[in-house]
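Worth saying up front: this structure is predicted, and the values here are computed from it rather than measured.
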Amino acid sequence: MTIERKPIRRGGIRSAGYDRGSRILEIEFDNGSIVQHSGVGEEIARRFLASGSPASYYRDNIEDEFTSKRVK
């Protein structure tokens with residue numbers, strides 16, 4: 001599955017994208033690693049992608065709340 005990511009380039013996050021059908025949020029970090037979080041609701045993903053401080057939003061609302069899988 002390929003998820004289209006959009007550039008973020010803030011707070012150590014290079015890009016991110018969300019797939020509504022599978023409820024997967026994919027995040028690429030500045031170090032080149034890519035992590036997918038499953039079961040993420042559309043509202044959480046929308047808020048993260050629109051956040052002025054995406055790294056803080058990620059740590060507070062996503063990182064430990066949703067199952068993650070490193071894909072790269």
Show the numbers, then the answer: is there a side-chain contact (heavy atoms from CB on, under 4.5 Å) between E65 and I44? CA-CA 11 Å; E65 301 297 321; I44 295 282; over 6 Å; no
Nearest heavy-atom contact between R47 and Y57 is CB-OH, 3.3 Å
Spell out, as yes or no, whether a donor-acceptor pair under 3.5 Å connects the side chain of Y18 to the backbone of E42. yes
Determine, step by step, whether Y58 and H37 satisfy the side-chain contact (heavy atoms from CB on, under 4.5 Å) criterion, reporting the C-alpha distance in whole Å, the side-chain angles of both residues, the deciding distance to 0.1 Å, and the verdict. CA-CA 11 Å; Y58 175 74; H37 289 273; 2.9 Å; yes
Closest non-hydrogen atom pair, R5 against G17: CG-N, 3.7 Å
Do the side chain of R10 and the main chain of S51 share a donor and acceptor less than 3.5 angstrom apart? yes
ILVMFWY cluster, F66 and L49 together (side-chain gap under 4.5 Å): yes
Sidechain-backbone polar pair: R23 side chain, G39 backbone, donor-acceptor under 3.5 Å: yes
Can you confirm whether E43 is buried at CD, in the sense that more than 12 heavy atoms of other residues, nucleotides or ligands lie under 6.0 Å from that atom? yes
Once you round to the nearest 0.5 Å, how far does NZ of K72 lie from CD of Q36? 13.0 Å
I need the minimum non-hydrogen distance between V40 and A45, along with the two atoms involved. CG1-N, 4.0 Å
Please give me the minimum heavy-atom distance between A55 and G11, naming the atom from each residue. CB-O, 3.2 Å
So do the side chains of S33 and R70 get within less than 4.5 Å of each other, counting heavy atoms only? yes
If hydrophobic clusters are built by linking Ile, Leu, Val, Met, Phe, Trp and Tyr wherever their side-chain heavy atoms come under 4.5 Å apart, do I62 and V35 end up in the same one? yes
Distance, nearest 0.5 Å, that separates CG of L25 from CZ of R46: 13.5 Å
Output for pair (E26 CD, E4 CD), nearest 0.5 Å, gives 11.0 Å
Rounded at 0.5 Å granularity, tell me how far CD1 in I13 sits from OG in S53. 8.5 Å
Which heavy atom of D30 sits nearest to which heavy atom of R14, and what is that distance? O-NH2, 2.6 Å
Taking it one step at a time, do I8 and F48 satisfy side-chain contact (heavy atoms from CB on, under 4.5 Å)? CA-CA 10 Å; I8 290 184; F48 166 72; 4.2 Å; yes
